[in-house]
Trainee: 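Before I ask anything, let me first share the structure, which is written out below as structure tokens.
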Amino acid sequence: MTTLYDTMTGSVTQLINPGQEAFSLYVCGPTVQDRPHLGHGRIMATYDLLRRHLRNKGLAVNLVMNVTDVDDKIISRAQAEATTYQAIAHHYEAIWWETMDRLGIERPDATPHATEWVQGMIEFIQELLDVGAAYVIDDGVYLRIASVPHYGLLTKQDFDQLQPGNRVEVNPLKESPLDFAIWKRTDSTEPGFDAPWGFGRPGWHTECVTMSIALLGRSFDLHGGGMDLIFPHHENELAQAQVLGVPFARHWAHVGFVEMNGEKMSKSIGNTLDLTDAITQFGGRAVRLAYLRAYYRSPLELSPAVLNDTLASLDRIDNFLDRGESGDVNTDTLATFIESLDNDLDTPTAFSILFEQVREGNIDFDRQHLKEGGDKIATVHAMLSWIGLAPSDDALVIPGEISDAVKAREQAKRDRDYTKADQLRMLIEASGFVVSDTKDGTQLRRDRRNSPRASMNSDD
RNA sequence: GGCGGUGUGGCCGAGUGGUUAGGCAGAGGCCUGCAAAGCCUUGCACAGCGGUUCGAAUCCGCUCGCCGCCUCCA
């Protein structure tokens with residue numbers, strides 16, 4: 001029983017059918033024109049969570065994510081920097097994947113690039129023309145919204161009621177202001193491709209509909225992206241599929257915005273936080289936790305202060321995991337955790353379950369109930385693994401000189417030479433460990449906060 | 001102007017009729033040589049005003065605020 005909110009129906013609905021074994025997922029990927037910011041990471045983290053969740057439940061998930069590697073912004077940036085659009089695209093795409101790796105985002109199964117699919121798009125546009133749903137004018141080919149049976153299913157707007165005054169100036173050659181370009185004719189000095197309707201570039205909305213159908217089929221399980229893609233992007237993809245009688249996505253999902261000071265984080269407002277920098281400063285796992293602990297459809301306030309708080313709560317989890325030997329997973333508790341994710345990816349409830357285990361496990365260790373505590377470590381670790389947030393499982397390795405220093409410090413404590421004991425503690429802590437004196441002797445744990453954050457395993 | 005969302009304690013963030021969400025920060029305590037970590041205790045939180053109800057953050061009405069989409073945008 002896995003449910004997810006569907007933008008089309010406006011309600012939480014079944015995501016997978018009984019007996020379903022495979023799951024096809026298309027997520028609108030980046031336009032590689034600049035560095036990713038915190039908003040981009042949230043989309044990727046959300047669909048990475050969904051993908052892992054479904055796969056851990058036993059489905060074969062096929063994730064396709066496009067890369068828009070030619071568009072107006074890439075081209076103008078290339079002109080500004082006196083280079084080619086290909087160079088710009090390659091540069092920022094490399095940064096994109098490196099950054100997502102550090103967030104623990106698994107690579108998609110396929111990453112079609114717009115420039116590789118131009119021929120397919122040309123054929124697709126020809127189909128639209130053949131059925132009379134598109135027309136050619138001076139500056140390109142346009143989709144005729146009037147030929148779309150039910151335009152506005154996702155947006156849920158009555159387009160007849162729209163105020164024309166608010167629209168940017170309309171191309172007077174278009175039959176309707178709503179009609180959108182599926183092929184943009186350009187002059188041959190600009191980057192472009194030959195097509196029957198003249199040299200030019202495909203429209204963005206045509207890119208995604210063409211590639212999703214080509215790689216996932218005429219009907220696939222889920223089409224997703226950020227909230228801002230609902231209109232016009234996804235509405236227009238759907239419009240093109242509709243006029244060709246393509247069933248298209250069974251389910252539509254959209255992730256809420258990352259905000260800063262209550263406003264959508266976006267380039268135009270200038271309130272973005274660079275994702276790569278945030279990961280460098282707080283660690284990929286802390287950023288990932290910051291995304292996941294909120295409900296994916298809600299707006300999420302992120303700032304350096306919030307990320308710092310999130311890092312503190314991650315430390316709480318990690319400190320617990322270091323308290324003892326891992327035991328046996330409590331499968332009932334894990335099941336409760338998974339059930340909350342089944343409920344429209346209810347990660348807030350999932351984390352409240354996880355933190356409850358942490359607190360109870362800490363009590364176990366305080367009371368020397370090592371078996372019970374160890375079982376809770378195993379359970380928490382299983383939860384973290386399920387959602388791609390487990391720490392890299394490098395074992396706690398204590399160098400000989402450090403264990404010598406610990407022994408010397410314990411002796412100094414017995415001798416009540418606290419000056420020496422404190423000097424030794426400083427020495428130990430300089431090596432990235434934290435000293436904990438307990439009734440049963442000194443324990444060491446890793447100083448995760450002040451040491452470089454380990455990169456994440458993406459294959460757990 | 002149209003459509004949609006939202007307003008929860010210092011901060012982040014769940015919750016949709018009656019019991020502690022959770023985390024971070026703060027205060028007090030336990031433990032400790034001192035710490036750290038952990039545990040315990042602690043916050044009359046639900047934008048405002050009316051209404052329904054035995055009982056509302058949760059339902060209804062009105063008011064106010066904020067945000068988003070309508071243009072490339074994750």
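Throughout, a chain's letter reflects where its sequence line sits, starting with A, and its residues are numbered from 1. The figures that follow rest on heavy atoms only: side chains count, while hydrogens, waters and symmetry mates do not.
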Trainee: Return each pair, listed once, that meets salt bridge (charged side-chain N to carboxylate O under 4.0 Å, His left out) where at least one residue sits in residues 294-307 of chain A; pairs must be two or more places apart or across chains.
Mentor: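 Every pair satisfying salt bridge (charged side-chain N to carboxylate O under 4.0 Å, His left out) with a residue in residues 294-307 of chain A: A/Arg297-A/Asp344.
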
Trainee: Between A/Ser298 and B/rG5, does any side-chain N or O lie under 4.0 Å from OP1 or OP2?
Mentor: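 It does not, given that no N or O in the side chain of A/Ser298 lies less than 4.0 Å from OP1 or OP2 of B/rG5.
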
Trainee: List for me each residue that meets side chain to side chain contact (heavy atoms under 4.5 Å, CB included) alongside A/Thr13, sequence neighbours excluded, and say none if there are none.
Mentor: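 Testing A/Thr13 for side chain to side chain contact (heavy atoms under 4.5 Å, CB included), a comparison that skips the adjacent residues, returns A/Asp6, A/Thr9, A/Ser11, A/His251.
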
Trainee: Measure from the side chain of A/Lys264, starting at C-beta and using heavy atoms only, and say which of B/rC34, B/rG68, B/rA14 lies closest.
Mentor: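 From the listed options, B/rG68 comes nearest.
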
Trainee: Counting any heavy atom closer than 4.0 Å, what does A/Leu302 reach on the DNA or RNA strands: base, sugar-phosphate only, or nothing?
Mentor: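 Counting heavy atoms under 4.0 Å across all strands, no contact is made by A/Leu302.
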
Trainee: Side chain of A/Gln33: nearest nucleotide among B/rA14, B/rA74, B/rG33?
Mentor: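 That would be B/rA74.
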
Trainee: By nearest atom, which of the nucleotides B/rC67, B/rC12, B/rA14 is closest to the A/Ala294 side chain?
Mentor: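 Nearest listed nucleotide: B/rA14.
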
Trainee: Passes side chain to side chain donor-acceptor pair (under 3.5 Å), A/Gln33 versus A/Asp71? Steps please.
Mentor: CA-CA 9 Å; A/Gln33 44 145 344; A/Asp71 92 328; 5.8 Å; no

Trainee: Just jot down the side chain to side chain contact (heavy atoms under 4.5 Å, CB included) partners of A/Asp187, sequence neighbours excluded, or say none.
Mentor: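 Expected list: A/Thr189, A/Glu190.
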
Trainee: Please measure how far the C1' atom in B/rU58 lies from the corresponding atom in B/rG7, and state the result in whole Å.
Mentor: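 Pairwise C1' distance, B/rU58 against B/rG7, rounds to 14 Å.
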
Trainee: Within the pair A/Asn362 and B/rC39, is there a side-chain N or O less than 4.0 Å away from OP1 or OP2?
Mentor: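 Looking at the OP1 and OP2 atoms of B/rC39, one of them is under 4.0 Å from a side-chain N or O of A/Asn362.
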
Trainee: So, does A/Lys413 get its side chain near the phosphate of B/rC34, meaning an N or O under 4.0 Å from OP1 or OP2?
Mentor: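 No, because none of the side-chain N or O atoms of A/Lys413 sits under 4.0 Å from OP1 or OP2 of B/rC34.
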
Trainee: Checking A/Glu263 now: which residues fulfil side-chain hydrogen bond (donor to acceptor under 3.5 Å, both in side chains) with it, not counting sequence neighbours?
Mentor: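 So A/Glu263 forms no side-chain hydrogen bond (donor to acceptor under 3.5 Å, both in side chains) with any residue.
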
Trainee: Just to verify, what does A/Glu81 make a side-chain hydrogen bond (donor to acceptor under 3.5 Å, both in side chains) with, not counting sequence neighbours?
Mentor: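 A/Glu81 satisfies side-chain hydrogen bond (donor to acceptor under 3.5 Å, both in side chains) with A/Arg77 only.
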
Trainee: Ignoring the backbone of A/Tyr295, work out which of B/rA14, B/rC72, B/rA74 is nearest its side chain.
Mentor: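 Closest nucleotide to the A/Tyr295 side chain: B/rA14.
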
Trainee: Can you tell which of B/rC40, B/rA74, B/rG38 lies closest to the side chain of A/Asp228?
Mentor: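 Nearest to the side chain of A/Asp228 among the choices is B/rA74.
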
Trainee: Taking only residues two or more places apart in sequence, or in another chain, which ones meet A/Phe180 in a ring-ring contact (aromatic ring centres under 6.0 Å, His included)?
Mentor: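 Only A/His205 meet the ring-ring contact (aromatic ring centres under 6.0 Å, His included) criterion with A/Phe180.
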
Trainee: Between A/Arg297 and B/rG5, is there a contact of a side-chain N or O with OP1 or OP2 at under 4.0 Å?
Mentor: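 No.
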
Trainee: Around atom CZ of A/Arg367, are there more than 12 heavy atoms from other residues, nucleotides or ligands closer than 6.0 Å?
Mentor: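 No.
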
Trainee: Output the single nucleotide from B/rA74, B/rA14, B/rG38 whose closest atom is nearest the side chain of A/Asp366.
Mentor: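 Looking only at heavy atoms from C-beta outward on A/Asp366, the closest nucleotide is B/rG38.
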
Trainee: RNA chain B: stems of at least 3 consecutive Watson-Crick or G-U pairs, cut-off 3.5 Å?
Mentor: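 Looking at RNA chain B, the stems formed by three or more consecutive pairs are B:1-7 with B:64-70, B:10-12 with B:22-24, B:26-30 with B:38-42, B:47-51 with B:59-63.
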
Trainee: Compute the centroid of each ring, for A/Phe220 and then for A/Phe248, and state whether the two points are separated by less than 6.0 Å.
Mentor: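 Ring centres of A/Phe248 and A/Phe220 closer than 6.0 Å.
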
Trainee: Anything under 3.5 Å between a protein N or O and an N or O of nucleotides 28-31 of chain B, put it in a table, one pair a line.
Mentor:
none

Trainee: Can you sort out the partners of A/Leu215 under side chain to side chain contact (heavy atoms under 4.5 Å, CB included), two or more places apart, ordered by chain and number?
Mentor: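 Side chain to side chain contact (heavy atoms under 4.5 Å, CB included) check on A/Leu215 returns A/Val64, A/Pro112, A/Trp117.
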
Trainee: Send over the distance from A/Phe320 CZ to B/rC39 P, rounded to a whole Å.
Mentor: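 To the nearest whole Å, that distance equals 10 Å.
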
Trainee: Under 4.0 Å, heavy atoms only, any strand: does A/Glu429 hit a base, just the sugar-phosphate, or nothing?
Mentor: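 Nothing, no nucleic acid heavy atom in range.
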
Trainee: Quick one: side-chain hydrogen bond (donor to acceptor under 3.5 Å, both in side chains) partners of A/Arg35, sequence neighbours excluded?
Mentor: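 Applying side-chain hydrogen bond (donor to acceptor under 3.5 Å, both in side chains) to A/Arg35 gives A/Asp274.
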
Trainee: Can you pull every protein N or O that's under 3.5 Å from an N or O on nucleotides 24-26 of chain B?
Mentor:
from, atom 1, to, atom 2, distance (Å)
B/rC24, O2', A/Asp309, OD1, 2.8

Trainee: Name all residues meeting the side-chain hydrogen bond (donor to acceptor under 3.5 Å, both in side chains) criterion together with A/Asn261; count only those two or more places apart in sequence or in a different chain, and write none if there are none.
Mentor: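 Scan of A/Asn261 (side-chain hydrogen bond (donor to acceptor under 3.5 Å, both in side chains), adjacent residues dropped) gives none.
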
Trainee: By the 4.0 Å heavy-atom rule, please label A/Phe257 as base, sugar-phosphate, or nothing.
Mentor: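 If one applies the 4.0 Å heavy-atom cut-off, A/Phe257 turns out to touch a base.
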
Trainee: Output the rounded distance in Å from CD (A/Glu360) to P (B/rG22).
Mentor: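 Going from CD in A/Glu360 over to P in B/rG22 covers 11 Å.
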
Trainee: Compare the minimum distances between each of B/rG68, B/rG33, B/rC39 and the side chain of A/Asp437, then state the nucleotide with the smallest one.
Mentor: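 From the listed options, B/rG33 comes nearest.
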
